[in-house]
There are 2 protein chains.
Amino acid sequence: MNQINNSKPAETFRYLILATERQGRSIFKETFKKIGVTGAQAEVLKVLQENEPLSLKELGAMLICETESPSRLINRLVTTGWVQKETSEKDSRFVNLSLSKEGKEKVLQITKIEDSLYKMLEQSVPIEILENLNMQLSNLLSEQPISHTLRLRGIIK
Amino acid sequence: MNQINNSKPAETFRYLILATERQGRSIFKETFKKIGVTGAQAEVLKVLQENEPLSLKELGAMLICETESPSRLINRLVTTGWVQKETSEKDSRFVNLSLSKEGKEKVLQITKIEDSLYKMLEQSVPIEILENLNMQLSNLLSEQPISHTLRLRGIIK
DNA sequence: TCAATTTAAATGACATGTCATCTATTATCA
DNA sequence: TGATAATAGATGACATGTCATTTAAATTGA
C-alpha cells in the first residue's frame, strides 16, 4: 500500500484526481485509437445514441468533456459520416443532431471497448471501494455546476 | 446525499473522476486568470521552483498535465519572462531551465491562490474523507506509469 | 409593424495535448 | 577515426478546450 503525503490532503487530492484522469484518458485513448475515434468523439457518439435527436446546446450541456457549443467537434463527426446534422424545421437557429447508420455501428465498437476496460477496473478494485469512491466524489460535486450535467447523464440522481 | 448509479460502478467512477477534474480545473482557471497564468503554466512554475534547474525532459517527467517534452509551453514562459532557458555547457542537446526573478514572484502569487483554494476544499470536506480518498486513489495508481511522476513530485511515496 | 433584445451556432485566436518528423549533438563501436 | 545509433529538443499538423466576436433567426414589447 502506498504512503501518501498527508500534510497537504487537499493538494494531494488535486493531483491524484489529475493523475487518475490522465491515466484513464491515456488508457481509453490507446484503445479508441484502434477504431479511429478520440475520447471526446466517443462521448458525443454515446450521448447521441442515448438521447438523439439533440441540439448543439443540449448536447453541450450533457458533455463532461465539453462545456460549450461543440460546433467543431460535431462538424468533424459530420464530415467523418457518423453524425447527421439537420437544421430544425421549427426554428432554424437550431440544428438536430443524430447518429448515422455508420455512427450507430461505431458506437457498438466504442461500447465494447468501454465495457472491457470497465471490467478490468472492476476486477482490479473491490466493488465496495469503487462504490465508496463514487459516493464520496458525487457528494463533493453535488453543489457544483457540473452536477447538472451528471444528473442529465444519469451518473448521479 | 446523492444517489449514484451503482449498476455500473466503473463507468460511474470514470465520469465522476472526469467531472471532478473538470470542475477543479475550472475553479483554478478562474482564479489563475486574475494573475495571467494558465493551469499548465502554474504547474511548470511550481515544479521549477522546487527542483530547478531541470532539463526539458526532466521537467516533462514531473508534469502531471504534460507527458512529453513541453517545448512550446516552456518557450511561452521564456517569452513571458518567467523562465530562463540556457543551453547546457556540458551537453548542448540539453537546456537548463530555471525561474527568473519575475517567475519566483509569480510563484508566490500562484501559491497564495492554491493555498486558499485548498483551504476551501479542506473546510468543505472532512479531512478523514479526503485522506481516505487519497489513499484509495493512490492505491489505484500505484502500478500505473503515472505513479512514477507522482513519486517524483512527492505526492505518493 | 418594426426596433430592440435574446438566442443558437459558427468562427477567430490562442493554449495545450499528441504523434510524427526533423535537426543537432553526443555516445558507441568496429 | 569515422560511421552508426541514441538522445534532447524543436516543429508541423491535427484535435480539442476556452473566450470573444459575429451572423442569422426568433422573441418581445411598444
Side-chain angles (χ1 to χ4, degrees), chain A residues 18-19 21-34 36-44 53-61 63-80 82-83 85-97 145-146 149, chain B residues 18-19 21-34 36-44 53-61 63-80 82-83 85-97 145-146 149:
Chain A
L18 208 58
E21 192 280 322
R22 176 182 133 178
Q23 190 68 62
R25 176 163 28 105
S26 175
I27 292 170
F28 276 90
K29 183 173 60 66
E30 211 66 21
T31 9
F32 282 152
K33 187 155 104 186
K34 294 168 182 167
V37 156
T38 69
Q41 290 170 349
E43 189 183 6
V44 166
L54 289 173
S55 69
L56 260 179
K57 185 181 170 98
E58 289 168 338
L59 174 65
L63 292 178
I64 299 174
C65 290
E66 167 69 22
T67 56
E68 295 179 18
S69 174
S71 291
R72 280 178 271 240
L73 179 50
I74 288 305
N75 282 347
R76 189 165 300 106
L77 290 170
V78 169
T79 298
T80 310
W82 297 330
V83 166
K85 182 166 86 170
E86 298 162 1
T87 304
S88 173
E89 287 179 0
K90 292 191 293 181
D91 185 331
S92 55
R93 290 174 295 179
F94 286 77
V95 298
N96 289 329
L97 302 169
I146 204 159
T149 301
Chain B
L18 207 58
E21 192 280 323
R22 176 183 134 179
Q23 191 65 62
R25 177 164 24 106
S26 174
I27 292 170
F28 276 92
K29 180 174 61 67
E30 211 66 22
T31 10
F32 282 154
K33 188 155 102 185
K34 293 167 183 168
V37 155
T38 70
Q41 291 170 348
E43 190 185 5
V44 166
L54 290 172
S55 69
L56 260 178
K57 187 182 168 96
E58 289 168 336
L59 174 65
L63 291 178
I64 299 174
C65 290
E66 167 69 25
T67 54
E68 294 181 18
S69 174
S71 293
R72 279 178 272 238
L73 179 50
I74 289 305
N75 282 345
R76 189 163 303 107
L77 291 169
V78 168
T79 298
T80 311
W82 296 331
V83 166
K85 181 166 86 169
E86 297 162 1
T87 304
S88 172
E89 287 179 359
K90 292 192 289 181
D91 186 330
S92 54
R93 290 175 294 179
F94 286 78
V95 297
N96 289 329
L97 301 169
I146 204 159
T149 301

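Hydrogens, waters and symmetry mates are skipped; everything else that's a heavy atom, side chains included, is used. Protein chains get the first letters and strands the later ones, always in sequence-line order, with residue 1 at the start of each.
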Whichever of Phe94(A) and Glu30(A) has its nearest DNA chain C nucleotide further upstream toward 5': Phe94(A)
Length of the line joining Asn75(B):CG and dG12(D):C1', which is rounded to integer Å: 15 Å
Value in whole Å for how far the C1' atom of dA27(C) lies from CZ of Arg93(B): 7 Å
Between dT18(C) (P) and Phe28(A) (CZ): distance, integer Å: 16 Å
Nucleotide dA27(C), atom C1' - distance to NZ of Lys90(B) in whole Å: 15 Å
Nearest-neighbour nucleotide for the Ala40(B) side chain, dA13(C), dT16(C), dG12(D) considered: dT16(C)
Contact under 4.0 Å: Ser71(B) side-chain N or O vs dT11(D) OP1/OP2: no
Close side-chain approach of Leu63(B) and Pro70(B), heavy atoms under 4.5 Å: yes
Whole-Å gap separating C1' (dG17(D)) and CD (Gln41(A)): 14 Å
Per Leu73(A) side chain, nearest of listed nucleotides dT16(C), dG9(D), dT16(D): dT16(D)
Proximity to the side chain of Lys57(B) - top-ranked nucleotide from dT16(D), dT7(C), dG9(D): dG9(D)
Under 3.5 Å donor-acceptor, Gln23(A) side chain and Ile146(B) backbone: yes
Lys85(B) vs dA10(D): side-chain N/O to OP1/OP2 distance below 4.0 Å: yes
For atom CD of Glu43(A) and atom P of dT16(D), their distance in whole Å: 12 Å
Distance, rounded to the nearest Å, where Arg25(B) contributes CZ and dC19(D) contributes P: 11 Å
Nucleotide of dA26(D), dG9(D), dT16(D) approaching Asp91(A) most closely (side-chain heavy atoms): dA26(D)
Expected output: side-chain Gln41(B) to main-chain Thr38(B) donor-acceptor under 3.5 Å: yes
Validation row: Val44(B), Trp82(B) side chains within 4.5 angstrom (heavy atoms): no
Nearest-nucleotide 5' precedence on DNA chain D, Lys29(B) against Ser55(B): Ser55(B)
N or O in side chain of Thr38(A) less than 4.0 angstrom from dT16(D) OP1/OP2: yes
Short side-chain N/O contact to dA8(D) OP1/OP2 from Ser92(B), under 4.0 Å: no
Length of the line joining Ile74(A):CD1 and dT16(D):P, which is rounded to integer Å: 10 Å
Whether Thr149(B) side chain and Ala61(B) backbone form a donor-acceptor pair below 3.5 Å: yes
Side chain Arg72(A) and base dT16(D) donor-acceptor under 3.5 Å: no
